[in-house]
Amino acid sequence: QVQLVESGGGLVQAGGSLRLSCAASGRTFRSYAMGWFRQAPGKEREFVIAISRGGSTNYADSVKGRFTISRDNAKNTVYLQMNSLKPEDTAVYYCAADYLGGQPDYAYAAANEYDYWGQGTQVTVSS
């Protein structure tokens with residue numbers, strides 16, 4: 001069982017940067033692959049980026065070269081560093097945890113693979 005709390009969202013100008021954090025409860029953080037998804041107004045939830053239990057990353061083409069994910073297992077926290085933000089990045093960003101997900105070196109991109117979800121944090125990018 002894990003509970004997730006996102007933070008760090010806000011309003012930024014296009015080209016700016018923002019770092020989101022996802023704090024997880026529990027003592028088995030390393031047992032979870034962790035992912036970030038987002039949902040823009042009128043759109044379906046989409047995969048953004050994920051990190052495996054072993055630290056390997058998987059990311060959507062739309063954020064390639066701009067977003068990075070990292071995890072600090074000692075702090076039970078996963079981070080999403082977002083650079084060169086674009087207006088189309090505007091969305092509610094959700095942190096998700098996949099218990100024993102994928103492989104040690106692979107995290108799934110499919111939302112239905114994830115077991116636990118945070119409440120989300122709003123990211124708005126102005127032009």
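No hydrogens, no waters, no symmetry mates; every other heavy atom, side chains included, goes into these values.
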To the nearest 0.5 angstrom, please state how far the [atom1] atom of [X] sits from the [atom2] atom of [Y].
| X | Y | atom1 | atom2 | value |
| --- | --- | --- | --- | --- |
| S52 | N58 | OG | CG | 9.5 Å |
| K43 | E88 | NZ | CD | 11.0 Å |
| S31 | D98 | OG | CG | 11.5 Å |
| Y106 | T57 | OH | OG1 | 11.5 Å |
| S56 | Q103 | OG | CD | 11.0 Å |
| W36 | E6 | CH2 | CD | 5.5 Å |

Notebook entry, point to check: Judged by atom type as modelled, is there a donor-acceptor pair below 3.5 Å linking the side chain of S21 to the main-chain atoms of S7?
Noted result: no
Next item on the list: Say whether, by atom type as modelled, one donor and one acceptor occur between the side chain of N76 and the main chain of G26 under 3.5 angstrom.
Entry: yes
[Y] reachable from [X] in the ILVMFWY side-chain graph, under 4.5 Å edges:
| X | Y | value |
| --- | --- | --- |
| F37 | I49 | no |
| V2 | L100 | yes |
| L4 | Y32 | yes |
| F47 | L80 | no |
| V63 | Y94 | no |

Next item on the list: Could you note down all residue pairs passing side chain to side chain donor-acceptor pair (under 3.5 Å) where residues 109-127 supplies at least one of them, sequence neighbours left out?
Entry: Q122-T124
Check: Looking at side-chain heavy atoms only, is the closest gap between L85 and F67 below 4.5 Å?
Finding: yes
Next item on the list: Using a 4.5 Å cut-off on heavy atoms from C-beta on, say whether the side chain of R19 contacts that of S70.
Entry: no
Notebook entry, point to check: Where do M34 and F29 land on the side chain to side chain contact (heavy atoms under 4.5 Å, CB included) test, with the steps shown first?
Noted result: CA-CA 9 Å; M34 302 296 297; F29 185 66; 3.9 Å; yes
Notebook entry, point to check: Between the side chains of N83 and S17, does any donor sit under 3.5 Å from an acceptor?
Noted result: yes
Notebook entry, point to check: Does atom CD of E46 have more than 12 heavy-atom neighbours, drawn from other residues, nucleotides or ligands, at distances under 6.0 Å?
Noted result: yes
Check: Does OH belonging to Y59 count more than 12 external heavy atoms closer than 6.0 Å?
Finding: no
Next item on the list: Determine, stepwise, if the pair T77 / C22 fulfils side chain to side chain contact (heavy atoms under 4.5 Å, CB included).
Entry: CA-CA 5 Å; T77 302; C22 175; 5.7 Å; no
Notebook entry, point to check: So is R71 actually on top of Y79's ring, under 6.0 Å and inside 45° of the axis?
Noted result: no
Next item on the list: Locate the shortest heavy-atom distance separating R45 from A111; write the atom from each residue and the value.
Entry: NH1-CB, 3.3 Å
Check: Can you name the one residue among V12, L20, D89 that meets side-chain contact (heavy atoms from CB on, under 4.5 Å) with M82?
Finding: L20
